[in-house]
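The structure appears right after this line, and notes come after that.
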Protein chains: 2
Amino acid sequence: MTVTLADVAARARVSPATVSRVLNGNYPVAASTRERVLRAVDDLDYVLNGPASSLAAATSDLVGILVNDIADPFFGIMAGAAQTQIGGPGDGSGRAGGEKLAVICNTGGSPERELTYLTLLQRQRAAAVVLTGGAVENPAHQAAMAAKLAKLADAGTRIVFCGRPPLPEGDALVAALAFDNRGGGRRLTEHLISLGHRRIGYVAGPPERTTTRHRLEGHREALRAAGLDAAPDGGAEAGSDSGAEAGGGAAGSGDQDRLTVHGPYDRRSGYEATLELLRRAPDVTAIVAANDTVALGACAAVRDQGMRIPQDISVAGFDDLPFSVDAVPALTTVRLPLFEAGARAGRLAMGKENPPPGGIATIAAELMIRGSTAAPRG
Amino acid sequence: MTVTLADVAARARVSPATVSRVLNGNYPVAASTRERVLRAVDDLDYVLNGPASSLAAATSDLVGILVNDIADPFFGIMAGAAQTQIGGPGDGSGRAGGEKLAVICNTGGSPERELTYLTLLQRQRAAAVVLTGGAVENPAHQAAMAAKLAKLADAGTRIVFCGRPPLPEGDALVAALAFDNRGGGRRLTEHLISLGHRRIGYVAGPPERTTTRHRLEGHREALRAAGLDAAPDGGAEAGSDSGAEAGGGAAGSGDQDRLTVHGPYDRRSGYEATLELLRRAPDVTAIVAANDTVALGACAAVRDQGMRIPQDISVAGFDDLPFSVDAVPALTTVRLPLFEAGARAGRLAMGKENPPPGGIATIAAELMIRGSTAAPRG
DNA sequence: CTGTTAGCGCATTCAG
DNA sequence: CTGAATGCGCTAACAG
């Protein structure tokens, strides 16, 4: 019923081995023979059997791209960019040549699912795996990840991190593209301070995430450098509506804890966390959000409280997603070159580009000053 | 070096077949035996060889989800939702049980890449394929797609459409979830007309796309019903900056053509097409955009021209993406239940849900009236 | 309920 | 440059 390589061989009057050779193109074959074989392939409408091929070759043409939340353009942009480098432009025939199958796996931010997908990819003998976005900083999970990745690398799977710092015990087997979240966070807060803000609220992402921690650390570095981390009062711990907890970051003084609310990286969380923040500290003049999506929620909350942006309160985001420039007022944020980073990760996964020296490259984050931040009143 | 099923069998003192049976769980096995096997699996840290398994079983656990643009939340939400139904929640062990590998393939809206991905999926003997979003209405491509899908279905791959109408010559082999784009478009324009608008511009998506055509048809239906499709002048054909062409829709009168500008489904296109529209017809009092992303660009253009929304011009979108409610003013749009549709498509792909009667279900679109539309001045 | 036996379709040694 | 033979690791009949 289904046409096999042998059928093609018969029709082209060559051996199966020869057909295999022209299809894989990594072996000398006479031009005339190749011609004949390709014609037979088209005539018969032959499609290679991937599993059989992978079984024999002990490797597949699958490349996995893990993301935390594919509904978030932050990940969509990186994943899409990576795919452009992996899937190949196609030859316009739809016949599928040597290109790999770049597939996106949505972990939903769950450590378990992350591990499960890695196992699934290991099972498929994936050629490479790209891990995007922040990692969960849980010792048990980190150990499990390290073990799993080691096994994958061992089986010949190339490992690339994109927008994620390398594992603490990370070996040189992986290439890592890390965003300068700390530097970006610092410069953003420095900008607010230079504008004259002294009480700055922070709507952070979920705890136990590298991205969350680094951005928050940058924020606090800036505060400390400006001498704004003193604790006028001994603010008590408190949780936001979304079940988050006050930041327990290394640098947090009591007051800073009070000015920090954690929550998921989504709009709703930004909204609720901001209300909580305004309740706790009605005198904040600026709010820094974990990312642009959260910032949008923060803006809505600020407005619903009857305050104007930036006249009454400045709001800033992070990432510079496409919609951020269209917010009203346009969002001050930190631009991350998501597309470029994703594309580079894709190339690294394909072995089309050499890993950075030391295996890790830091991607610069650029401050984008726009209308949502201004000097405080008075 | 790499541990195989036979190794597990030896350690568990059973036959390879038995191990296979407990792993696949679709065959009776004594509890004690299963226990022993599972322990051996864990002890040996065994991971099934996917290709070998797929080869022997003549089917894989891969499910492909095709999207036009994964950086667009419209697709991200559907794809993510589908994956929740396919990937399985995991058993918390990261061991990967019977779950499928749901993978997202980003076609970038290119017909060639769509076909290529389908071939790649066919090569992998995918268990199912979910095609999301609008289709390209090009006869040659449609024929190629029909042929390819027929072959896939023939090989046992389940085909599901999500947010895309079934192919003209579509057989009953596929289940289709189609959005009511036409009805949504009609109600949206009816809403504007009821507000008193008479000159309504339309920033359409790319031509040759079902989604584009259906939404535009709905728009024109509403105009016609209100007697607004007359052609006061014989507007000449004209293209937008983004290389788009004036709508050649079936119902387009000369004037309507002049009030319609096509372009890609992105923010920039919305911006430029709107400028073009305002140049062509400075007297429009409302602009309907192909989707929310385009609407955001339209809003920016309107503002950059010194006009206010909705006082000077009303703007409406389509899809009701998460950010739309946060636009200022909040965007009037048509809500599509993207998550629910994606999840249902995922279930259909898994065979966990029965196909709708006739194989095709229409998903209702709900008008969301918000601040960006109001009665025209005067 | 469990073991035995055959391939699944292809990539690769080796010869020629 | 090409053909013949071998086995990748697993599942699916069959028996028992």
Side-chain angles (χ1 to χ4, degrees), chain A residues 1-38 40-41 44-62 96 98 120 122-125 127 155-156, chain B residues 1-38 40-41 44-62 96-98 120 122-127 155-156:
Chain A
M1 177 60 224
T2 148
V3 32
T4 75
L5 196 154
D7 299 327
V8 176
R11 189 173 223 285
R13 313 184 138 284
V14 295
S15 73
T18 301
V19 177
S20 170
R21 293 197 261 251
V22 331
L23 257 31
N24 292 317
N26 41 16
Y27 214 82
V29 173
S32 65
T33 313
R34 143 178 295 116
E35 199 56 35
R36 205 143 33 89
V37 169
L38 287 180
V41 166
L44 264 36
D45 217 18
Y46 170 68
V47 174
L48 187 69
N49 183 316
S53 169
S54 301
L55 173 56
T59 177
S60 80
D61 53 3
L62 219 68
L120 249 16
Q122 177 184 12
R123 173 186 294 186
Q124 301 293 338
R125 305 306 190 245
Chain B
M1 176 62 221
T2 147
V3 33
T4 76
L5 195 155
D7 299 329
V8 176
R11 190 176 226 281
R13 314 187 137 283
V14 294
S15 74
T18 300
V19 177
S20 171
R21 291 196 264 252
V22 334
L23 256 32
N24 291 315
N26 40 15
Y27 214 82
V29 173
S32 64
T33 313
R34 142 178 294 115
E35 197 57 35
R36 205 142 34 90
V37 169
L38 286 180
V41 166
L44 265 37
D45 217 15
Y46 170 68
V47 173
L48 187 68
N49 183 315
S53 166
S54 301
L55 172 57
T59 178
S60 78
D61 54 3
L62 219 67
L120 248 16
Q122 178 185 9
R123 173 187 292 187
Q124 299 294 336
R125 305 304 190 248

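Among residues at least two apart or in separate chains, there is no side-chain hydrogen bond (donor to acceptor under 3.5 Å, both in side chains) pair with a member in residues 50-59 of chain B.
Although no hydrogens or angles enter the test, the distance criterion places no donor-acceptor pair under 3.5 Å between the side chain of Arg13(A) and the main chain of Ala10(A).
Note on Ser15(B): every side-chain N or O is 4.0 Å or more away from OP1 and OP2 of dT2(C).
In plain terms, the two heavy atoms of Asp61(B) and Gln124(A) that are nearest each other are OD1-NE2, 2.9 Å.
The structure places CG of Asn49(A) at 9.0 Å from OG1 of Thr4(A), a figure rounded to the nearest 0.5 Å. Of the inter-residue distances, the one linking Thr18(A) atom OG1 with Leu23(A) atom CG reads 11.5 Å to the nearest 0.5 angstrom.
The nearest whole Å value for the distance from the CG atom in Leu44(B) to the P atom in dG9(D) is 14 Å. In this structure, Leu55(B) atom CG and dG7(D) atom C1' are separated by 12 Å, rounded to whole Å. Rounded to an integer number of Å, the gap from CZ of Arg36(B) to C1' of dC1(C) is 12 Å. Asn49(B) has its CG atom 7 Å from the P atom of dG9(D), to the nearest Å. Atom CZ of Arg125(B) is separated from atom C1' of dC10(C) by 11 Å (rounded to the nearest Å).
Arg36(B) meets the salt bridge (charged side-chain N to carboxylate O under 4.0 Å, His left out) test with no other residue; sequence neighbours excluded.
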Per-nucleotide protein contact string for nucleotides 11-16 of chain D, where B marks a base within reach and S marks sugar-phosphate only (heavy atoms under 4.0 Å, - for neither): SBB---
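Checking dT2(D), dG9(C), dT2(C) against every side-chain atom of Thr33(B), the shortest atom distance belongs to dT2(C). Closest approach to the Val14(A) side chain among dC10(C), dT2(D), dG3(D) is made by dG3(D) (side chain taken as heavy atoms from C-beta onward).
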